[in-house]
Amino acid sequence: MDSRRNEIKVGIAVLLSLVILVGGIMWGKGYSLRAARYNIVVVFENVGGLEPGSNVLANGVVQGRVTGIELHEGKVFVRAAVDKGVTLYSDYRITIESPTVMAGKVLSIYPGEKEPPADVTQILNGQTPLGVSDAVAIFEEVSADFQTTLHTLNKLLVNLNRIAGDTANQENIAGLLAESREAAQTTNEWLSDNRARLTSILTQLEETLTSLHSTVETAEARLTSTLTSADTALTRLTELSVSIRRLVDRIQSGEGTAGQLVTNDELYHRLNRTLAEADSLIHEIRTKGLRNKIVLF
């Protein structure tokens, strides 16, 4: 009876160990029994050794697995199941990478962030991974550029050595340095001797600038007053012009005495006769005096 119980206990322990082992493997591979996923299809020129069952990484986090790989008309179509928590945007990037040397290839997704979201029901474009031959070609190009740079630098150093090794150039450089030192010393001595004068000149210049600033402010105030007066005069001239125009309009339309004088001929002739009679009367008064009886009515 005891041996039977021991066998049952051993069986249960082995079964639990298997469950824990399978669960650990599934967790390490990114499998999930409850994860809700959606399918995507990505087309590549070359998958660089990617295999079905490989992990799908979203920004370095396991978020699915590769379910199938098909070659069709020179293109490689990779099918993958991706967790629904991963949203692809219009600036997404999908490529194939090797996180470590021993981990093998994975499908890496960089979801992006630019709206609108990408249509995952359509075939997505992937970036072909960099192969060994491409890496070698790039390294050769960089190496060639580096060698060219080293060659140019070597020439420059040789030329500098030649210039520095020439006795005449050494004497010229030494003379130039000596003249520079003398010029600097002379400048320092001149500045020391004329420091007080320079200080006085700067003080006078500051006072002149202050006075000029005050003058400009005064002139600005006067100019503002003059412009104000000019604006007032222009306003009055405008009002006078409007009044004259109104008067001219009234005269041309025949309104008032002035308008009647301009437009009514009869009034004009009557006024002329009245003036003529007044002139005659004045002439009679001047020549004969007031002895005559004047009848006005």
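Heavy-atom basis, side chains included; hydrogens, waters and symmetry copies ignored. Only a predicted model underlies this, so the values are computations on that prediction, with no experimental measurement involved.
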Minimum heavy-atom distance [X]-[Y], with the two atoms named:
X	Y	value
Glu45	Val76	O-CG2, 4.2 Å
Gln63	Ala58	CG-CB, 3.7 Å
Asp91	Lys114	OD1-N, 3.0 Å
Ile40	Val42	CD1-CG2, 4.0 Å
Asn59	Pro111	OD1-CD, 3.5 Å

field: Members sharing Leu198's hydrophobic cluster (side chains within less than 4.5 Å)
entry: Trp190, Leu191
- prompt: In terms of hydrophobic clustering (I, L, V, M, F, W, Y; side-chain heavy atoms under 4.5 Å; direct or indirect links), are Ile69 and Leu71 co-clustered?
  reply: yes
query: Going hydrophobic residue to hydrophobic residue with side-chain gaps under 4.5 angstrom, can you get from Leu209 over to Val216?
result: no
query: So do Ile96 and Leu107 actually touch side chain to side chain, heavy atoms under 4.5 Å?
result: yes
Note, Phe44 side chain near Ile94 side chain (heavy atom, < 4.5 Å): yes
task: Check the pair Val56, Val106 against side chain to side chain contact (heavy atoms under 4.5 Å, CB included), reporting the backbone distance first and the verdict last.
output: CA-CA 6 Å; Val56 175; Val106 297; over 6 Å; no
Mind checking the [atom1]-[atom2] spacing from [X] to [Y]? Nearest 0.5 Å is all I need.
X	Y	atom1	atom2	result
Leu205	Leu212	CG	CG	10.5 Å
Lys105	Thr95	NZ	OG1	9.0 Å
Glu113	Ser90	CD	OG	10.0 Å
Tyr110	Leu88	OH	CG	13.5 Å

- request: Can you sort out the partners of Arg222 under side chain to side chain contact (heavy atoms under 4.5 Å, CB included), two or more places apart, ordered by chain and number?
  value: Thr218
query: In chain order, what residues pass the side chain to side chain contact (heavy atoms under 4.5 Å, CB included) check against Asn125, with sequence neighbours excluded?
result: Val43, Tyr92
When you measure from the side chain of [X] to the backbone of [Y], do you find a donor-acceptor pair of N or O atoms at a distance under 3.5 Å?
X	Y	answer
Thr152	Thr148	yes
Ser200	Ala196	no
Ser214	Thr210	no

Return all side-chain donor-acceptor pairs below 3.5 angstrom for residues 115-124, not counting sequence neighbours, or 'none' if the list is empty.
residue : atom : partner : partner atom : Å
Asp119  : OD1  : Thr121  : N            : 3.2
Asp119  : OD1  : Thr121  : OG1          : 2.5
Asp119  : OD2  : Thr121  : OG1          : 3.3

task: Check step by step if side chain to side chain contact (heavy atoms under 4.5 Å, CB included) holds for Arg37 and Val82.
output: CA-CA 5 Å; Arg37 293 176 173 175; Val82 183; 5.9 Å; no
- prompt: Would you find more than 12 non-hydrogen atoms of other residues, nucleotides or ligands less than 6.0 Å from Glu217 atom CD?
  reply: yes
Salt bridge (Lys or Arg N to Asp or Glu O under 4.0 Å) partners for Glu189, two or more places apart: none
statement: Contacts of His72 meeting side-chain hydrogen bond (donor to acceptor under 3.5 Å, both in side chains) (sequence neighbours excluded), chain-then-number -> none
